[in-house]
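Shown next, in structure tokens, is the structure this report addresses.
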Amino acid sequence: MNKRNYLKIIFLVSILILSSCTNKLDEELELSTTSENIDYSSQAGAFNALIGSYQKFQDMGWEQIPLVSVRGDDVNAGGLGDQAPFSDTDRFVYDNNYWMYNSLWDSWFQKILQITTQIEQLEKFREGGVDSAKIDQYIAECKTLRAFLTIELSRTFGAVFNVESADQTKLVVRSKDETMQWVSSQIDEATPFLLDMRPNQRTDLKGGVTKYTALAIKAMAKLELKDYQGVADATGMIIKSGKFDLYSSYYSLFKTPGKLANENLLEVQYSDFGTGSGTNYSHLFAFYGPTDWTPAVSGANAGWGFYEPSLKYIKFMLDRGEKERLETSVLFTNRGIAQIKTDPLYATLPSWITNTTRDGDLIKDYSRALFASGKHYLPSKQLTPGRADYGTNKNYIVTRYSEVLLMYAEALTRGATGTAGSAADAVTLVRQRAGLGAVSSVTSQQVMDEKYAELGMEWGIRYFDLLRLDQTAELSYDGRTFTTVKKYLPYPLAQLDKSFVLKEYVQSHPNP
């Protein structure tokens, strides 16, 4: 199946078993489906049930990923806009009535609930005589998608629902550590039934979940638990498989050429199918882009300016002599360059630092930010002729092989035993792709510095690392003051008002 057909199935198929999820998590309502017309003996029907889960997973609201990732010292929220509580969140001032908090919680739990419903529907196809091995695989894929969503919500809010049944009377709230243990056990159940290949090797669902996607997610959960041997075991299996490699160009990885690269273990896929009009499945990348630019392709739209690489991150990268990763990660404005130079230590900058990207897009000064995120930028030259929206046709990478290598390296430096080479070997691979030299040995802190450089602006990884390692003094920068009581976002007021289970948990656990 080619990507065009895959995306059309994901977004256009009338899913036989999709239903409308209630927002009222504690009401005795089932995530029911209309089953009179479903042929539970149909292999195609079972496949459509799987597609329903992917459709829910891939429907990422534009505001949700930035909210997960904005609080690290790698990212600033662009200011002077109509989303002041988003900027406040970046500075650890929280409003539990802010619509973004409710959107993230509500939308992602609806995804989790619907994926759980699809799992229950798949069991009906098994009962109807559909190949049981296929049902096992499809359910395992659903569990993997559900596990990732659960990890990210728990990292953000702390204790969350661990959903195993669409019967909402059975919802249970568990602590973050308990949730990570649950995620790990879910992956253990799923892994034996998943395909042993890269996601881009799949022919039925190009880019879909495989055994290695699941192992990467398990490693994330184990990392949160500081179970470093568990991290080394999961990531070691991925490395030893020999199926993955780093995409040759770090810069291009985050653009059209990097779609479904051998490096990518999970990504949200979008496409305009190479046509200048008509169907276009896209993410709203405008949130990340500069509000003013002169694009190389006239008529390409600018962005909203709400997501900014931090000056702290940029200076960190300059101190390391980074070029490839810094140029990829940051879009500079003249005003931003001038701001860097006000520090005497950075009065002279490398000549390649300019407000014109290597693809010829000129980033103009704008009021909301000094810089824009290059990882969320698509050169105007890569837009399909006829398309003008900022970043349209770009995929959203969720996790990739370089993160696996660095999780493995960290685990080894913290006492784990590895079977897939040394920590220095893993770090060297990542560094050499970035144009830096090999290392013969690494400390834990050097690995964390490498993660900061490699994974900045991605999925809040830096913020969650600093919390896990109690290195939160790094978060008090540029006028911010972080305290550990601010490590989680507060539960949305709207959810507390309608969920007795959640409200009861909060009342009995006042200090998460």
Side-chain angles (χ1 to χ4, degrees), residues 20-27 29 56 59-72 75-114 149-163 168 171-176 179 284 286-288 304-308 368-369 459-460 463-464 467 472 475-476 479-512:
S20 60
C21 300
T22 175
N23 289 337
K24 299 182 179 180
L25 296 180
D26 284 326
E27 289 187 3
L29 297 175
K56 295 304 293 183
D59 185 19
M60 295 281 183
W62 60 265
E63 76 283 0
Q64 293 157 12
I65 303 172
L67 185 61
V68 167
S69 57
V70 76
R71 290 179 291 166
V75 178
N76 295 336
L80 301 177
D82 59 354
Q83 298 299 330
F86 180 70
S87 296
D88 288 342
T89 299
D90 177 39
R91 293 181 173 272
F92 314 113
V93 178
Y94 303 151
D95 177 0
N96 71 345
N97 202 34
Y98 182 38
W99 72 269
M100 274 195 185
Y101 296 7
N102 190 58
S103 172
L104 175 62
W105 178 280
D106 194 58
S107 174
W108 284 27
F109 263 97
Q110 295 307 317
K111 295 177 193 294
I112 289 167
L113 288 167
Q114 187 63 67
L149 293 169
T150 303
I151 281 181
E152 293 304 297
L153 277 174
S154 185
R155 281 172 159 177
T156 303
F157 290 101
V160 296
F161 293 116
N162 297 176
V163 182
Q168 296 173 57
L171 286 174
V172 176
V173 180
R174 294 194 176 99
S175 71
K176 180 184 167 187
T179 296
L284 207 162
F287 186 91
Y288 305 92
W304 296 355
F306 282 118
Y307 198 84
E308 175 191 49
R368 284 183 181 163
W459 287 93
Y463 177 74
F464 300 130
L467 289 188
T472 54
L475 297 170
S476 295
R480 293 162 177 77
T481 301
F482 179 84
T483 61
T484 54
V485 297
K486 297 290 188 177
K487 63 183 177 180
Y488 301 129
L489 292 185
Y491 297 112
L493 182 61
Q495 301 302 319
L496 291 173
D497 286 344
K498 65 187 177 185
S499 173
F500 173 77
V501 173
L502 187 60
K503 182 180 290 186
E504 185 179 58
Y505 184 89
V506 170
Q507 289 171 347
S508 60
H509 298 78
N511 297 307

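Reckoned from all heavy atoms, side chains included, excluding hydrogens, waters and symmetry mates.
With rounding to the nearest 0.5 Å, the separation of OG1 in Thr484 from OH in Tyr488 is 10.5 Å. Ser175 OG to Asn162 CG: the interatomic distance, rounded to the nearest 0.5 Å, is 8.5 Å. Once rounded to the nearest 0.5 Å, the distance linking OG of Ser499 with CZ of Phe161 reads 3.5 Å. Of the inter-residue distances, the one linking Glu152 atom CD with Thr150 atom OG1 reads 10.0 Å to the nearest 0.5 angstrom. Leu496 contributes atom CG, which lies 10.5 Å from atom CG of Asn97 (distance to the nearest 0.5 angstrom). Remark: Gln83 CD to Leu67 CG distance equals 10.5 Å, nearest 0.5 Å.
Of all the heavy atoms in Gln495 and Leu502, the pair that sits closest is CB-CD2, 4.1 Å. Contact between Lys486 and Arg71 at its shortest, heavy atoms only, is O-NH1, 3.5 Å. Nearest heavy-atom pair across Thr179 and Arg174 is OG1-O, 3.3 Å. Counting all heavy atoms, side chain and backbone alike, Gly460 lies closest to Ser69 at N-CB, 3.1 Å. Across Val173 and Ala159, no two heavy atoms sit closer than the pair CG1-CB, 3.8 Å. Of all heavy-atom pairs spanning Ala369 and Gly305, the tightest one is CB-O, 4.3 Å.
When side chains are defined from C-beta on, Phe464 counts as touching Thr156, because their heavy atoms get closer than 4.5 Å. Counting only heavy atoms from C-beta outward, the side chains of Pro492 and Phe157 approach each other to under 4.5 Å. Between Tyr94 and Leu489 there is a side-chain heavy-atom pair separated by less than 4.5 Å. Counting heavy atoms from C-beta outward, Leu171 and Val163 have side chains that approach closer than 4.5 Å. The closest side-chain heavy-atom distance from Thr472 to Leu467 is below 4.5 Å. Side-chain atoms of Val75 and Tyr307, non-hydrogen and from C-beta on, do get closer than 4.5 Å to each other.
Distance alone, capped at 3.5 Å, is enough to place a donor-acceptor pair between the Lys111 side chain and the Asp59 backbone. Checked by atom type and distance alone, the side chain of Ser508 pairs as donor or acceptor with a backbone atom of Glu504 at under 3.5 Å.
Residues Phe482 and Phe92 bring their aromatic ring centres within 6.0 Å. Between Phe287 and Phe86, the ring centre distance stays below 6.0 Å.
A donor-acceptor contact closer than 3.5 angstrom is absent between the side chains of Gln110 and Trp105. Trp108 and Gln64 are linked by a side-chain donor-acceptor pair at a separation below 3.5 angstrom, with hydrogens and angles left out of the test. If you check the side chains of Arg480 and Asn76, you find a donor sitting under 3.5 Å from an acceptor. Thr89 and Tyr101 share a side-chain donor-acceptor pair at under 3.5 Å.
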* Asked: Are Val160 and Phe109 close enough, and set up right, to give a side-chain contact (heavy atoms from CB on, under 4.5 Å), and what steps lead you there?
  -> CA-CA 9 Å; Val160 296; Phe109 263 97; 3.8 Å; yes
- Item | Residues Leu104, Leu153; criterion side-chain contact (heavy atoms from CB on, under 4.5 Å); working and verdict | CA-CA 8 Å; Leu104 175 62; Leu153 277 174; 4.1 Å; yes
query: Where do Trp304 and Leu284 land on the side-chain contact (heavy atoms from CB on, under 4.5 Å) test, with the steps shown first?
result: CA-CA 10 Å; Trp304 296 355; Leu284 207 162; 3.6 Å; yes
Discussion item. Could you go through Asp106 and Lys498, starting from their C-alpha distance and side-chain angles, then the distance that decides it, and tell me whether this counts as side-chain contact (heavy atoms from CB on, under 4.5 Å)?
Written reply: CA-CA 11 Å; Asp106 194 58; Lys498 65 187 177 185; 4.0 Å; yes
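For Arg368 and Phe306, the positive end sits near the middle of the six-membered ring, less than 6.0 Å away and at most 45° from its axis.
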